[in-house]
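In what follows, a single structure is set out as structure tokens and then discussed.
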Amino acid sequence: MIDAVLKRRGLCLTIVVSLSLLVHAKGLTAPLLDYHFHRQVNTASIARGYWRNARPIQEPRIDWDGASDRLAATELPIYMWAYGKLWPIAGLGEKWGRLISAAASLLTALLLFFFFENELGREAAFWGASLFSLLPVEVYFGRTVQPEATALLALIGAIFFWSRSLESGRSWGAWAGAAFCAFIAVGLKLPYAHLLVALAGLTWRKLGRRSLADWRTYAAGLLSMGGVIAWYLHARDGVYVVPTHPSEYANLLSYSRLPYFIQFQIFSRIPELVMTYGGLVFFAVGAREILWAKRDTFWLSWFLGVVFHLFAMSGYSHSHEYTALPLAPIAAGLIGFGVARLRSIAAAAPKRRLALAGLAFLLVAIPSHSALRISHWYRQGFDFVGGAAKAADAVSTRNDLFFTNCQAPSVLLYYLDRRGWSSELDMNPTTADRIVDEHVVEGARFIASEKRGLFAEPDGAMWKRLRAHGKPVWDDGKLVIFPLSNP
């Protein structure tokens, strides 16, 4: 049956597309309050600002810095800008964020098929591109409202087009495509600069020592990375959203615990979220052939560049699972090669049926592992924000500033659809009164919170303080809003 599928390239592509659509359909229209909600809401909030204020791409803004209208220090905002442009179409609003990511993941799977087919053959390409969509880190982060899926598409696009640009004739169109994709990939995710290691390996494999004097290679690097540097120089003085200064990254890396973070990546993160335990078997077969026996310069450079990036990101990669996403395409390629190799061995084995049954078991184990490992990531939280916009409209005007008691600065403000500030007052109850008073002076007209902790009725300290001045203007049992007055 598989042999019949492999003979028909169109059928292979149909299966690759269908798998990508299927696995990314879960939660596609759900609110943004599943795992990594804070980053998803940040992204949607900036995108909504692009739509509502018709801002040009170079002027991202946030809603959680009070009434100020300052540039936001973000990654290259092409994903958020496109998201904002699509926002009003078909009434889908925030749902466009997941749709863009799912579409990017689909295109990535297709590009991987074409690239793997050229590198490893039709069968390895089929298995690799299909299984790519079933790896845990891709299943989930391939449809979140974050720039990761788009950045990964650009990264694979850069490799795909650069490979084409090195072929006979040295296509300028492929060269331009590679430079543009590299600019987008690294601009969206600065740590994706490890892409340059893979591209260098690809160039060396094709040109050898001639690559050292290849001016096209240097020109592509200067053009793409020059654009990235220009963006970050523009954004670095804005309000913090993501790290744009070396010192900001340094604060997140925690190099004092580097040995622990490295062993965590090796023994937990990579096998559990990138390859799966069943996939490790296939990966070992593929890696032994391509990385060890052949010592393929490109594949070694690509693999080692990404692994070094995960190690170098230390505490940041430990805390942010999506940093492992760039390893998924490499793992998928080597897994696909491993499946093809083991299938040929199983087909010739004395106990053919038993060998093929074992192969099928390992294949089924990959999506099964993914389903079991990340099922809890889809659970929704923050149920108290469901009616927040209705509440804000009932008690305030669009220009009224809110202070919110929320662990993620943008979340409650986004669902209230108001500008303002946020702080988790329950984390430091002794300073809560001072923090609130400071924001009242800055112009906060209302304070909103989940009805818990300091805001629990009747004994929460903040509830008592505010209730002494009057009733809340909104209280649905979950969300409470009080008016604020100067201290």
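Side chains included, hydrogens not; waters and symmetry mates left out as well; all remaining heavy atoms used.
- At least one side-chain heavy atom of Ile435 sits under 4.5 Å from a side-chain heavy atom of Phe403.
- Between Phe384 and Phe382, the ring planes are tilted. Angles from 30° to 60° get that label.
- Leu291 is listed as a side-chain neighbour of Leu334, based on a closest heavy-atom distance under 4.5 Å.
- Taking the six-membered ring for Trp, Phe303 and Trp299 have ring centres at least 6.0 Å apart.
- Between the CG atom in Asp296 and the CD atom in Glu119 there is a gap of 6.5 Å [rounded to 0.5 Å].
- Using modelled atom types, one side-chain atom of Gln40 and one backbone atom of Val145 make a donor-acceptor pair closer than 3.5 Å.
- Taking the six-membered ring for Trp, His194 and Tyr192 have ring centres closer than 6.0 Å.
- Residues Glu75 and Lys189 are not paired through a salt bridge, judged by the lack of any N-O separation under 4.0 Å between the basic side chain and the carboxylate.
- We find the OH-NE2 distance between Tyr260 and His318 to be 3.5 Å, quoted to the nearest 0.5 Å.
- Because its NZ or CZ atom is both nearer than 6.0 Å to the ring centre of Tyr140 and within 45° of the ring axis, Arg143 counts as a cation-pi partner of that residue.
- Applying the 6.0 Å contact sphere to CZ of Arg295 captures more than 12 heavy atoms from other residues, nucleotides or ligands.
- Taking the side chain as every heavy atom from C-beta outward, Val139 and Lys26 never approach each other to under 4.5 Å.
- Within the 3.5 Å criterion, the main-chain N or O of Ile366 finds a donor-acceptor partner in the side chain of Ser370.
- Counting non-hydrogen atoms of other residues, nucleotides and ligands closer than 6.0 Å to CZ of Phe180 gives a total of 12 or fewer.
- At least one donor-acceptor pair under 3.5 Å links the side chain of Gln380 to the backbone N or O of Pro31.
- The number of heavy-atom neighbours closer than 6.0 Å to CZ of Arg288, taken from other residues, nucleotides and ligands shown, is 12 or below.
- For Arg379 and Trp377, the positive end is not near the middle of the six-membered ring at less than 6.0 Å and at most 45° from its axis.
- Counting heavy atoms from C-beta on, the side chains of Ile447 and Val440 never come closer than 4.5 Å.
- Expressed to the nearest 0.5 Å, how far OG1 of Thr276 lies from CG of Leu372 amounts to 11.5 Å.
- Using a 4.5 Å heavy-atom cutoff, the side chains of Ile46 and Tyr83 are not in contact.
- To the nearest 0.5 angstrom, Leu454 atom CG is 8.5 Å from Glu424 atom CD.
- Under a 4.0 Å N-O distance rule, the pair Glu442/Arg419 does not qualify as a salt bridge.
- Between Leu199 and Ile159, the shortest heavy-atom contact is CD2-CA, 3.9 Å.
- His24 places no side-chain N or O within 3.5 Å of a backbone atom of Arg98 that could act as its donor or acceptor partner.
- The two atoms that bring Ala331 and Met275 nearest to each other are CB-CG, 3.9 Å, heavy atoms only.
- There is a side-chain donor-acceptor pair under 3.5 Å between Glu321 and His36.
- A heavy-atom distance below 4.5 Å is found between the side chains of Arg39 and Val242.
- At least one donor-acceptor pair under 3.5 Å links the side chain of Tyr218 to the backbone N or O of Leu212.
- To the nearest 0.5 Å, the span separating CD on Glu138 from CG on Leu327 amounts to 12.5 Å.
- Taking the six-membered ring where the residue is Trp, Phe141 and Tyr322 present perpendicular rings, their angle passing 60° and hence far from 30°.
- Interatomic distance, CD of Glu450 versus CZ of Phe455, reported as 11.0 Å (0.5 Å rounding).
- Phe311 CZ: more than 12 foreign heavy atoms inside a 6.0 Å radius.
- Checked by atom type, the side-chain pair Tyr79/Ser101 shows a donor-acceptor distance below 3.5 Å.
- No donor-acceptor pair closer than 3.5 Å links the side chain of Arg61 to the backbone N or O of Gly49.
- When every heavy atom of Ala129 is checked against every heavy atom of Ala109, the shortest pair comes out as CB-O, 3.5 Å.
- Using a 30° and 60° split on the angle between ring planes, Trp302 and Phe115 fall in the perpendicular class, above 60°.
- Judged purely by distance below 3.5 Å, without hydrogens or angles, the side chains of Asn428 and Thr431 never pair a donor atom with an acceptor atom.
- Not one N or O on the side chain of Ser45 forms a donor-acceptor pair closer than 3.5 Å with the backbone of Val41.
- Asp417 places no side-chain N or O within 3.5 Å of a backbone atom of Ala389 that could act as its donor or acceptor partner.
- Nearest heavy atom pair, residue Ser410 against residue Trp64, reads CB-CE3, 3.4 Å.
- Taking the six-membered ring for Trp and the full ring otherwise, the centers of Tyr277 and His369 sit less than 6.0 Å from each other.
- Side-chain atoms of Trp162 and Thr203 include a donor-acceptor pair closer than 3.5 Å.
- Ser254 places no side-chain N or O within donor-acceptor distance of the main-chain N or O of Gly315, the cut-off being under 3.5 Å.
- A 4.5 Å side-chain heavy-atom check between Pro77 and Tyr50 finds at least one atom pair inside the cut-off.
- With Ser422 contributing its side chain and Thr404 its backbone, the two residues share a donor-acceptor pair below 3.5 Å.
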